[in-house]
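Here is the structure we will look at.
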2 protein chains.
Amino acid sequence: MDAIKPPKTLSEQTHDILLNAICSGEFEPGQRLNQDEIAARLQVSRQPVNSAISVLKASGFVEDTGRRGVVVSQISVDQFLSIFELRSALEPFAIRLAHQRKPVDAAKQAQDMLKRGWNAVASKDVSLQINLDYEFHEMIYGWAGNPAIRDTMRTNWNHIRRSMGVVLRRGVASKTSWEEHDRIIAALMRSDVELAEDEMRQHIERAQEKTAALLSEC
Amino acid sequence: MDAIKPPKTLSEQTHDILLNAICSGEFEPGQRLNQDEIAARLQVSRQPVNSAISVLKASGFVEDTGRRGVVVSQISVDQFLSIFELRSALEPFAIRLAHQRKPVDAAKQAQDMLKRGWNAVASKDVSLQINLDYEFHEMIYGWAGNPAIRDTMRTNWNHIRRSMGVVLRRGVASKTSWEEHDRIIAALMRSDVELAEDEMRQHIERAQEKTAALLSEC
DNA sequence: TTTCTGAATTTCGTATACGAAATACAAGAA
DNA sequence: TTCTTGTATTTCGTATACGAAATTCAGAAA
């Protein structure tokens, strides 16, 4: 029997809500975070808000102004590119590990995942597409059996989400993205690691190019 | 003229002190963190302590017991191995980037760094050796010009420090480690990227083997 | 003796209070 | 008018207060 977990604290809930607001684009880069205002809106005292902001500051989603309070961090194109550069090394590596360690029901998981992805593309629901894109990659990290890779990418993903939202909202088709996911899985299931790694590398590079072009526009 | 920076808040100072206590091994894995006790010892109220602990929890250095308060996270051998697996992909990649982007005074920086490293080996000062080992690798990340890699490794490094302390305190010579650093720099300065990458890969693997063996002993 | 039970204690999360520093703004000087 | 300067307001960080939940432990029941 599982132990009963205590429910999330107000501080944690506040953190999650703020993080999501930032990553979904609801709070724009540069926007000031006023503790009183947030506390009032969430119907809590300033204490959990202050605590949540400390965590956000430590993970780089907000930054000190040097003056009063914090603002949502800017999405710098350089930072974005550096994350994709990191991914271009890590994700093919994860594919290699996944090939060695993937569970027996990997094919089944993959089919399910891809199906949900294509449904999202059909539905034109942008935020669902972003979430499923992450879920796809996290599935691979899971197969790779390396928690350090998963944690690293989880943090970076939130930074990417902020940029992706901008891009996808501008109507860039995520159809090609899921075609690439299809091919990655196909190669992996055929145990053609070299090809799977290469498809992944290209997938990342294409996503980077598409996004960077749009980011530098605005 | 540079702007005057506000001094670190008590919350941030408390966080830094606790993080260091955890990573240096002063606080052992499993040890309970009592907010009142810490507050009294640091001569602050519980508020900054609570805030600091929230940040430590988010970054995985402490974990909820499900009961009351938090404890220092266990150093799991699996987690340790996964970080080194991550490094084995990232660090050679960083070398490749560093080769392309290193600054003109890289050779000078490297000589200085290596000299300080060898002095530390001679001095037998364990914590200095650990710090300089990190500084060496961070120098490479700096040359690589990729902030995402640097941030990723900075977080993971604190987890590594906890394990390294155990190993180095048991008298494992860090002499070989600096010999390897020497060879990495030599290859990089000769622009032999393939060799430099390979030396780095081996450096990581050897460090992993040494540490893992000792970790599983205790 | 050992096991159970519930009151006392501890210790957390959160609310509220307070002082300090920054911003906003109005009134006077140029 | 525009610039300066002193004051009121805002808003942060931190201290303190308080209620709730978990732990501890003394005393009763077995």
Side-chain angles (χ1 to χ4, degrees), chain A residues 1-22 27-74, chain B residues 1-22 27-74:
Chain A
M1 193 170 70
D2 280 358
I4 294 175
K5 288 178 205 163
K8 282 204 173 180
T9 63
L10 294 186
S11 299
E12 286 166 337
Q13 291 182 59
T14 304
H15 171 266
D16 292 349
I17 288 173
L18 291 180
L19 179 61
N20 191 59
I22 291 171
F27 285 1
E28 285 178 22
Q31 183 175 336
R32 172 94 171 275
L33 265 67
N34 182 305
Q35 299 189 353
D36 280 320
E37 194 185 315
I38 294 167
R41 195 177 316 173
L42 302 182
Q43 309 260 46
V44 296
S45 79
R46 256 185 52 231
Q47 157 67 24
V49 177
N50 188 288
S51 186
I53 287 180
S54 297
V55 176
L56 291 172
K57 210 191 310 184
S59 45
F61 291 99
V62 300
E63 53 196 17
D64 265 315
T65 56
R67 293 179 177 78
R68 198 160 4 165
V70 296
V71 295
V72 175
S73 300
Q74 296 292 333
Chain B
M1 195 170 68
D2 281 357
I4 293 175
K5 288 178 206 165
K8 281 202 174 182
T9 63
L10 295 186
S11 299
E12 286 166 339
Q13 291 183 58
T14 304
H15 171 265
D16 291 350
I17 289 173
L18 292 180
L19 179 62
N20 191 59
I22 292 171
F27 285 0
E28 287 177 21
Q31 184 176 333
R32 171 92 171 276
L33 265 65
N34 182 306
Q35 300 189 351
D36 279 320
E37 195 185 314
I38 294 168
R41 194 177 315 173
L42 301 182
Q43 309 259 48
V44 295
S45 79
R46 255 184 54 230
Q47 158 66 24
V49 177
N50 188 288
S51 185
I53 287 180
S54 296
V55 176
L56 291 172
K57 209 190 310 184
S59 45
F61 291 99
V62 301
E63 53 196 17
D64 267 313
T65 56
R67 292 177 179 78
R68 199 163 359 167
V70 296
V71 295
V72 175
S73 301
Q74 296 293 332

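Everything quoted here is computed from the prediction, not taken from an experiment. Every chain is numbered from 1 and lettered A, B, ... according to where its sequence line falls, protein lines coming before strand lines.
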Atom CG of A:Asp64 and atom C1' of C:dA22: how far apart are they, to the nearest Å? 14 Å
Could you state the CD-P distance from A:Glu12 to C:dG13, rounded to the nearest angstrom? 9 Å
Protein-to-nucleotide contact annotation, 5' to 3' order, nucleotides 15-25 of chain D [B base; S sugar-phosphate only; - none; under 4.0 Å, heavy atom]: BBB----BS--
A:Ser73 (side chain) donor-acceptor with A:Phe61 (main chain) under 3.5 angstrom: yes
With B:Leu10, which residues qualify under side chain to side chain contact (heavy atoms under 4.5 Å, CB included), at least two apart? B:Gln13, B:Val44, B:Pro48
Can you list everything that forms a side chain to side chain contact (heavy atoms under 4.5 Å, CB included) with B:Asp36? Sequence neighbours excluded, please. B:Asn34, B:Arg46
Report which part of the nucleic acid B:Ser51 touches: base, sugar-phosphate, or nothing (heavy-atom distance under 4.0 Å, all strands). nothing
Please identify each residue that fulfils side chain to side chain donor-acceptor pair (under 3.5 Å) with [X], with sequence neighbours left out.
{"X": "B:Arg41", "value": "B:Glu37"}
{"X": "A:Ser11", "value": "none"}
{"X": "B:Thr9", "value": "B:Glu12"}

Using only side-chain N and O atoms of B:Ser11, determine if any of them is under 4.0 Å from OP1 or OP2 of D:dG13. no
Between C:dC12 and B:Asn50, is there an OP1 or OP2 to side-chain N/O distance shorter than 4.0 Å? no
Strictly below 4.0 Å, heavy-atom distances to any atom of DNA chain D: list the hits from residues 28-35 of chain A, or just say none. A:Arg32, A:Leu33, A:Asn34, A:Gln35
Please enumerate all residues that pass ring pair (Phe, Tyr, Trp, His ring centres under 6.0 Å) together with B:Phe27, with sequence neighbours excluded. none
The salt bridge (Lys or Arg N to Asp or Glu O under 4.0 Å) partners of B:Asp16 (sequence neighbours excluded) come to B:Lys8
